[in-house]
*Asks:* 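Quick one: the structure is below, and I'll ask about it shortly.
As the structure is a computational prediction, the values presented were derived from the model and not from experiment. In each ligand, atom 1 is the first atom listed, and ligand 1 is the first ligand listed. These numbers come from the heavy atoms of this one structure, side chains and all, not from hydrogens, waters or symmetry mates.
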Amino acid sequence: MSILVVGTVAFDAIETPFGKTGKIIGGAATYICLSSSFFGNKINLVSIVGEDFPEETIKMLKDKKVDTKGLQIQKGEKTFFWSGKYHQDMNTRDTLETQLNVLEKFNPIVPEEFRESEFLMLGNLMPSVQKQVLDQMKKRPKLIVLDTMNFWMDNFMEELKLALKDVDVLTINDEEARQLSEEYSLVKAAKKILKMGPKNVIIKKGEHGALLFDKEQMFFAPALPIEEVFDPTGAGDSFAGGFIGYLEKTNDISFENMKRALIYGSITASFCVEKFGTQKLEEITPEDLESRKEEFISLVSVEL
Ligand code: AMP
């Protein structure tokens, strides 16, 4: 079994109340691949970078069992670049700059041997590109998860709504859920979004955890309170990677198992924020995940 991941592989520049980075490695797909790699899955990446992207990062991904056959390297062009600045609360941020570069004319090509991947993670990207990937699959994957953000809602809402018709799980943050549904209450927002196509919606609330909905039920997973939060960039993508990684490993997409996957998503996200960029995710092992699982259990267990 395998997971097909599509999304940005990028350069980021990040400013938080604790410091500022120069150009570092980022991108939604990078975070997703790293965080789902802990579950021992085969991960198939489809993305694009420019000639300026470092060889050693591609090697690092390969070492984590990510198949990079679908990563296009565009000669003479520049990699997607994003820069953002976090507010004092570290939960909200402003985008300072988005340079689409290679993404401007990205035509995703899913390699033949990736086209039967059972799990599909459509990471944050142009909705039309997400749809193009979906349309190249030989048969409908067992589970399709789509992540998006306000940038695409502001500029490509109709395309996004079209892509949503075909997906199983949508992951978005609370602000984006309100923007998409035009509802303030997250319960009402989820109900409205579920009518747009997805069978499940996950609303990420940063350090306040995440909510999982289907038409009948809802479940809440807290975020692990972390002593040192350095950089929340990629937390949402690491969450999505942990979520789909666990579902693929267990091959069970029931609501009950999605609850467990939500906890694993919270675990991978909790590591992501502890260092700038992808650094922490590159360092940890599956054993680290298991010991953090115990912390989660004691955080929420009580006898009443
Ligand atoms: P997150 O913090 O989970 O929302 O993800 C942050 C990552 O998303 C960064 O590493 C960026 O490179 C990437 N990113 C930022 N803006 C966009 C965009 N408009 N489309 C796709 N990826 C983006």
Side-chain angles (χ1 to χ4, degrees), residues 5-16 21 23-36 45-50 53 57 61 78-87 90-104 106 108 121-130 133 145-157 159-160 163 170-177 179 202-207 210 223 229-244 265-266 268-282:
V5 176
V6 59
T8 45
V9 172
F11 285 128
D12 289 347
I14 295 149
E15 222 179 303
T16 76
T21 70
K23 250 188 186 180
I24 59 171
I25 302 298
T30 318
Y31 285 104
I32 294 167
C33 286
L34 286 174
S35 52
S36 45
L45 170 65
V46 169
S47 189
I48 189 165
V49 291
F53 198 74
T57 304
L61 288 170
K78 282 163 79 178
T79 300
F80 172 76
F81 172 76
W82 173 80
S83 78
K85 182 177 178 174
Y86 287 86
H87 300 169
M90 293 282 266
N91 248 349
T92 48
R93 70 182 178 206
D94 294 324
T95 289
L96 301 177
E97 200 179 343
T98 302
Q99 290 175 17
L100 291 176
N101 298 331
V102 286
L103 270 196
E104 244 168 272
F106 179 34
M121 179 70 230
L122 299 168
N124 184 16
L125 251 188
M126 270 173 237
S128 56
V129 173
Q130 292 176 315
V133 169
V145 181
L146 183 142
D147 186 56
T148 191
M149 74 184 292
N150 54 356
F151 182 84
W152 305 113
M153 290 181 197
D154 294 340
N155 301 301
F156 300 91
M157 189 59 117
E159 288 88 336
L160 175 63
L170 171 68
T171 65
I172 42 173
N173 72 26
D174 41 1
E175 210 180 305
E176 292 151 1
Q179 182 175 352
I202 294 173
I203 302 182
K204 301 168 285 182
K205 289 153 56 67
E207 65 172 331
V229 176
F230 265 96
D231 172 17
T233 309
D237 305 312
S238 307
F239 177 92
F243 176 78
I244 200 164
S266 303
T268 42
S270 75
F271 283 113
C272 172
V273 303
E274 287 185 316
K275 287 195 177 168
F276 274 108
T278 55
Q279 208 183 329
K280 186 77 183 194
L281 290 177
E282 288 179 43

*Asks:* May I ask you to identify the nearest protein heavy atom to atom 18 (C) of ligand 1, giving residue, atom name and distance to one decimal place in Å?
*Replies:* M149 SD, 3.6 Å
*Asks:* List the closest protein heavy-atom neighbour of atom 7 (C) of ligand 1: residue, atom name, distance to the nearest 0.1 Å.
*Replies:*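 Nearest neighbour among protein heavy atoms for atom 7 (C) of ligand 1, to 0.1 Å: D237 OD2, 3.7 Å.
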*Asks:* Does the N or O separation between G27 and ligand 1 drop below 3.5 Å for any pair?
*Replies:* yes
*Asks:* May I ask which of W82, F81, F11 has a heavy atom nearer to atom 15 (C) of ligand 1 than the others do?
*Replies:* W82
*Asks:* Does Y31 come within less than 4.0 angstrom of ligand 1, counting non-hydrogen atoms of the residue?
*Replies:* yes
*Asks:* Tell me which part of T8 gets within contact of ligand 1: side chain, backbone, both or neither, using heavy atoms under 4.0 Å.
*Replies:* side chain
*Asks:* How far does OG1 of T268 sit from CG of L34, to the nearest 0.5 angstrom?
*Replies:*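 CG of L34 is found 10.5 Å from OG1 of T268.
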*Asks:* State whether the side chain of S47 and the backbone N or O of G7 hold a donor-acceptor pair below 3.5 Å, judged by distance alone.
*Replies:*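 Yes, because the side chain of S47 sits within donor-acceptor range (under 3.5 Å) of the backbone of G7.
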*Asks:* To the nearest 0.5 Å, tell me how far M149 CE sits from I172 CD1.
*Replies:* 12.5 Å
*Asks:* Does ligand 1 have a heavy atom under 4.0 Å from the side chain of R93, from its backbone, from both, or from neither?
*Replies:*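 Looking at R93 and ligand 1, just side chain atoms fall under 4.0 Å.
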*Asks:* State which residues pass side chain to side chain contact (heavy atoms under 4.5 Å, CB included) with E175; sequence neighbours excluded, sorted by chain then number.
*Replies:* N173
*Asks:* Is a side-chain donor or acceptor of T79 paired with a backbone partner of A10 at a separation under 3.5 angstrom?
*Replies:*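 Answer holds: no.
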*Asks:* Using distance only, find each side-chain donor-acceptor pair of residues 233-244 under 3.5 Å and give its atom names and separation, not counting sequence neighbours.
*Replies:*
from: T233; atom 1: OG1; to: Y86; atom 2: OH; distance (Å): 2.8
from: T233; atom 1: OG1; to: D231; atom 2: OD1; distance (Å): 2.6
from: S238; atom 1: OG; to: G234; atom 2: O; distance (Å): 2.7

*Asks:* Kindly compute the distance separating CE (M90) from CD (E207), expressed to the nearest 0.5 Å.
*Replies:*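 So the gap between those two atoms works out to 9.5 Å.
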*Asks:* For ligand 1, which atoms sit closer than 4.0 Å to a heavy atom of A10?
*Replies:*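 Those qualifying, in numeric order: 12 (O).
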*Asks:* Considering the heavy atoms of G236, write down every atom of ligand 1 situated less than 4.0 Å from one of them.
*Replies:* 3 (O)
*Asks:* Select one of side chain, backbone, both or neither to describe which atoms of T233 lie under 4.0 Å from any atom of ligand 1, heavy atoms only.
*Replies:* both
*Asks:* When you look at NZ of K78, are more than 12 heavy atoms from neighbouring residues, nucleotides or ligands closer to it than 6.0 Å?
*Replies:* no
*Asks:* Only one of F81, F80, F53 passes ring pair (Phe, Tyr, Trp, His ring centres under 6.0 Å) with F11; say which it is.
*Replies:* F53
*Asks:* Using a 4.0 Å cutoff against the non-hydrogen atoms of W152, which atoms of ligand 1 qualify?
*Replies:*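 Going through ligand 1 atom by atom, the ones under 4.0 Å from W152 are 18 (C), 19 (N), 20 (N).
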*Asks:* Heavy atom of F80 under 4.0 Å from ligand 1?
*Replies:* yes
*Asks:* Between OG1 of T98 and CG of L96, what distance do you get to the nearest 0.5 Å?
*Replies:* 9.0 Å
*Asks:* Could you find the nearest protein heavy atom to atom 21 (C) of ligand 1 and give me its residue, atom name and distance?
*Replies:*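 Nearest neighbour among protein heavy atoms for atom 21 (C) of ligand 1, to 0.1 Å: N124 O, 3.1 Å.
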*Asks:* Hey, does M126 sit under 4.0 Å from ligand 1 if you only count heavy atoms?
*Replies:*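 For ligand 1, residue contact (heavy atoms, under 4.0 Å) with M126 is absent.
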*Asks:* Please verify whether a non-hydrogen atom of T98 lies at under 4.0 Å from ligand 1.
*Replies:*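 It does not, in that no heavy atom of T98 comes within the 4.0 Å cut-off of ligand 1.
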*Asks:* Surrounding NZ of K23 (heavy atoms of other residues, nucleotides or ligands, distance under 6.0 Å), is the total greater than 12?
*Replies:* yes
*Asks:* For atom 2 (O) of ligand 1, find the nearest protein heavy atom and state the residue, atom name and distance (0.1 Å precision).
*Replies:*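 Sorting protein heavy atoms by distance from atom 2 (O) of ligand 1 puts G234 N, 2.7 Å first.
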*Asks:* Under 3.5 Å, is there a donor-acceptor pair between the side chain of T8 and the main chain of A28?
*Replies:*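 Flag set: sc T8 to bb A28 pair under 3.5 Å.
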*Asks:* Just which atoms of ligand 1 are under 4.0 Å from any heavy atom in G26?
*Replies:*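 It comes down to these atoms of ligand 1: 10 (O).
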*Asks:* Examine ligand 1 and decide if any of its atoms is less than 4.0 Å from a heavy atom belonging to F239.
*Replies:*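 Not so, F239 does not reach ligand 1.
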*Asks:* Mind checking whether L125 has an N or O less than 3.5 Å away from an N or O of ligand 1?
*Replies:*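 N/O-N/O distance under 3.5 Å: no.
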*Asks:* Of all the non-hydrogen atoms in the protein, which one sits nearest to atom 19 (N) of ligand 1, and at what distance?
*Replies:*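 So the nearest neighbour among protein heavy atoms is F151 CD2, 3.4 Å.
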*Asks:* Would you mind checking which non-hydrogen protein atom is closest to atom 11 (C) of ligand 1, with the distance to 0.1 Å?
*Replies:* D12 OD1, 3.3 Å
*Asks:* Mark yes or no for whether Q130, through its side chain, and D147, through its backbone, hold a donor-acceptor pair below 3.5 Å.
*Replies:* yes
